Amino acid sequence: MNNSSDGPPSDIIYGATNFLSLPVCLLAVILVFRLKLYRTAVYRLALYQVLASLLVATIQVLEIVFLIFQNKPWPNSWPEAYARRLCIAMAWLQLYSFWMKILFTTWVAFHLFFFAVLHRNMKKLEAMYVATSLVIPALISAVPLITHSYGFSRIDGCYIPIYGMNYTVELKVSVIENFALLDAPAMVILLVASIAMVIMLIKLSYRVRRRMNYEPITGGDQFQEALKQVLPLAVFPIIFFIFVIPVLMFDIIHAFVTPKPNRVLAFTQELFITFWSLSSGVALIVHISLA
C-alpha cells in the first residue's frame with residue numbers, strides 16, 4: 001500500500017479529504033449510540049465497518065501531519081530516533097487498520113450470503129467476527145516488526161519502503177513482503193467475497209421473479225421482512241469492491257510494472273483509500289436516515 005506524498009499540494013488535498021472522513025465517520029458512530037441502534041445486530045455490523053474506517057482515516061491524517069513536519073528545514077523538528085519510532089508505530093497501525101477494515105467487510109459479505117442464500121442467521125458468530133477482525137490483523141502487521149521492514153521513505157511514507165534513494169524499486173525483499181502480507185491475500189479474499197455476493201444477488205433476483213409470478217417462496221413474508229433489514233449491509237462490500245480493487249492494482253503496478261513511482265497513480269490510490277473510509281460513514285448515516 002503506497003502512501004507517497006508528492007509535495008505540499010497533494011499533502012493538503014489528501015489531508016483535507018481525510019479530515020473530512022473523520023467527522024463523517026464520527027457522526028455515524030454518535031448516531032448509532034445516540035439512537036441506541038447498537039442493540040440491533042445489523043447496525044452493530046455496520047458500526048464495526050465505520051469504526052474501522054475511523055481508525056484508517058485517523059492514521060492517514062496522523063501520517064500527513066508527520067510528513068509535513070518531517071519535511072521542515074529546521075533540524076530539531078523531529079529528533080531522528082523519536083521520528084523513526086513514531087514512523088514505525090504509524091506503519092504498524094496502517095497495516096493493522098487496513099486489514100481490520102478488510103476482514104470486517106468480508107464477514108459482512110459472508111453474513112449476507114449465509115442469510116440470503118442458505119437462510120441461516122449468523123448472529124451467533126458475531127463474537128468470532130470481532131475477534132478474528134482484531135486478532136488476525138495484529139498477527140499480520142507484527143511480521144514486518146519481526147523482520148524490521150517498517151520504515152520511512154519519501155515515496156512510501158511510513159510503511160514497508162520499496163523504493164530506494166534514486167526513486168526506483170530496489171528493495172525486492174520489501175516488495176515480496178508487501179505483496180505477501182497485503183496484496184495477494186487481500187485479492188484472494190476479494191475474489192471469494194465477490195463470488196459470494198454474486199451468488200447472493202442471483203439468488204435474490206430469482207426470488208424476486210418468483211414473487212412477481214405469484215409463486216410460493218420458502219420462508220414467506222417473515223423472511224422477506226428480515227431480508228429488508230439485512231440487505232442494506234450489502235453497500236459495504238460494494239464499497240469495498242469499488243475502492244479496494246484500484247488500491248491493490250496500484251500497489252502491483254508500483255511494485256512490478258513501473259520502475260519509478262507514478263505520482264498520478266500514487267495520489268489516486270491515496271484518494272481511493274480516503275473515499276473508502278468516507279463512503280462507509282456516509283452509507284451508515286443514509287441507512288439510519290432511511291430506516
Side-chain angles (χ1 to χ4, degrees), residues 1 41-50 52-53 56 98-126 128-130 132-133 136-137 179 182-213 215-253 268-269 272-273 275-284 286-287 290-291:
M1 183 172 57
V42 170
Y43 283 103
R44 284 199 301 274
L45 291 175
L47 177 62
Y48 301 147
Q49 295 287 315
V50 178
S53 297
V56 170
F98 206 76
W99 262 114
M100 185 173 68
K101 184 85 168 75
I102 289 174
L103 290 177
F104 272 129
T105 308
T106 303
W107 284 126
V108 166
F110 283 104
H111 183 88
L112 289 168
F113 174 80
F114 281 105
F115 186 85
V117 177
L118 303 180
H119 297 183
R120 294 185 180 181
N121 196 331
M122 308 299 288
K123 283 195 303 183
K124 295 180 180 179
L125 296 179
E126 184 180 346
M128 186 197 72
Y129 296 167
V130 176
T132 54
S133 298
I136 292 177
F179 187 73
L182 179 61
D183 297 331
M187 289 294 284
V188 172
I189 289 174
L190 189 65
L191 176 62
V192 175
S194 300
I195 293 173
M197 291 296 292
V198 168
I199 293 174
M200 183 198 75
L201 291 174
I202 292 174
K203 179 71 173 180
L204 290 180
S205 63
Y206 173 71
R207 292 178 67 89
V208 169
R209 286 198 302 271
R210 290 187 59 184
R211 196 172 186 84
M212 291 177 64
N213 294 330
E215 297 181 31
I217 302 176
T218 305
D221 295 334
Q222 186 177 2
F223 174 79
Q224 297 299 322
E225 186 62 31
L227 187 61
K228 288 179 182 178
Q229 297 177 8
V230 174
L231 203 54
L233 287 174
V235 71
F236 294 105
I238 292 172
I239 290 172
F240 177 56
F241 302 147
I242 292 174
F243 292 111
V244 175
I245 288 177
V247 169
L248 297 176
M249 293 305 299
F250 292 158
D251 253 3
I252 294 172
I253 292 172
T268 305
Q269 182 188 35
F272 270 95
I273 295 173
F275 288 133
W276 184 26
S277 299
L278 177 63
S279 56
S280 297
V282 171
L284 181 53
V286 172
H287 186 187
L290 297 178

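Every heavy atom of this structure was used, including side-chain atoms; hydrogens, water molecules and symmetry mates were not. This is a predicted model, so every value here is computed, not measured.
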Asker: Could I get the full list of side-chain contact (heavy atoms from CB on, under 4.5 Å) partners for Ile238, not counting sequence neighbours?
Answerer: Ile242

Asker: Does Ser133 reach the main-chain N or O of Val130 with its side chain, forming a donor-acceptor pair under 3.5 Å?
Answerer: no

Asker: My understanding is that only residues two or more places apart in sequence, or in another chain, count here; which of them pass side chain to side chain donor-acceptor pair (under 3.5 Å) with Tyr129?
Answerer: His111

Asker: Using the side chain to side chain contact (heavy atoms under 4.5 Å, CB included) definition, which of the options Val247, Leu278, Val244 pairs with Ile273?
Answerer: Val247

Asker: Report the distance from atom CH2 of Trp107 to atom CZ of Phe110, rounding to the nearest 0.5 Å.
Answerer: 7.5 Å

Asker: Begin with the C-alpha distance, continue with both residues' side-chain angles, and end with the deciding distance and a verdict on side chain to side chain contact (heavy atoms under 4.5 Å, CB included) for Leu190 and Phe240.
Answerer: CA-CA 8 Å; Leu190 189 65; Phe240 177 56; 3.3 Å; yes

Asker: Can you list everything that forms a ring pair (Phe, Tyr, Trp, His ring centres under 6.0 Å) with Trp99? Sequence neighbours excluded, please.
Answerer: none

Asker: Run the side chain to side chain contact (heavy atoms under 4.5 Å, CB included) test on Gln49 and Val108 for me, step by step, so that the C-alpha distance in whole Å, both residues' side-chain angles and the decisive distance to 0.1 Å come before the verdict.
Answerer: CA-CA 9 Å; Gln49 295 287 315; Val108 166; 3.5 Å; yes

Asker: Between atom CG of Leu233 and atom CZ of Phe115, what is the distance when rounded to the nearest 0.5 Å?
Answerer: 10.5 Å

Asker: Do the ring planes of His287 and Tyr43 sit parallel (below 30°), tilted (30 to 60°) or perpendicular (above 60°)?
Answerer: parallel

Asker: Can you measure from CG (Leu248) to CZ (Phe179) and round to the nearest 0.5 angstrom?
Answerer: 9.5 Å

Asker: To the nearest 0.5 Å, what is the distance between CD1 on Ile239 and OG on Ser53?
Answerer: 8.0 Å

Asker: If I take atom CD1 from residue Ile245 and atom CG from residue Leu191, how far apart are they, to the nearest 0.5 angstrom?
Answerer: 9.5 Å

Asker: Roughly how far apart are Ile102 CD1 and Ile136 CD1, rounded to 0.5 Å?
Answerer: 12.0 Å

Asker: Of all heavy-atom pairs between Pro237 and Thr105, which one has the smallest distance, and what is that distance?
Answerer: CA-CG2, 3.7 Å

Asker: Can Lys101 and Ser280 be counted as having a side-chain donor-acceptor contact under 3.5 angstrom?
Answerer: yes

Asker: Under the ring pair (Phe, Tyr, Trp, His ring centres under 6.0 Å) rule, collect the residues that match up with Phe113, sequence neighbours excluded.
Answerer: none

Asker: Just jot down the ring pair (Phe, Tyr, Trp, His ring centres under 6.0 Å) partners of Phe104, sequence neighbours excluded, or say none.
Answerer: Tyr48

Asker: Report the residues that fulfil side-chain contact (heavy atoms from CB on, under 4.5 Å) with Val286, sequence neighbours left out, ordered by chain and then residue number.
Answerer: Val282, Leu290

Asker: Quick one: closest heavy-atom pair of Thr132 and Pro137, and the distance?
Answerer: O-CD, 3.5 Å

Asker: Indicate the atoms forming the closest heavy-atom contact of Phe241 with Ser194, along with that distance.
Answerer: CE2-OG, 3.5 Å

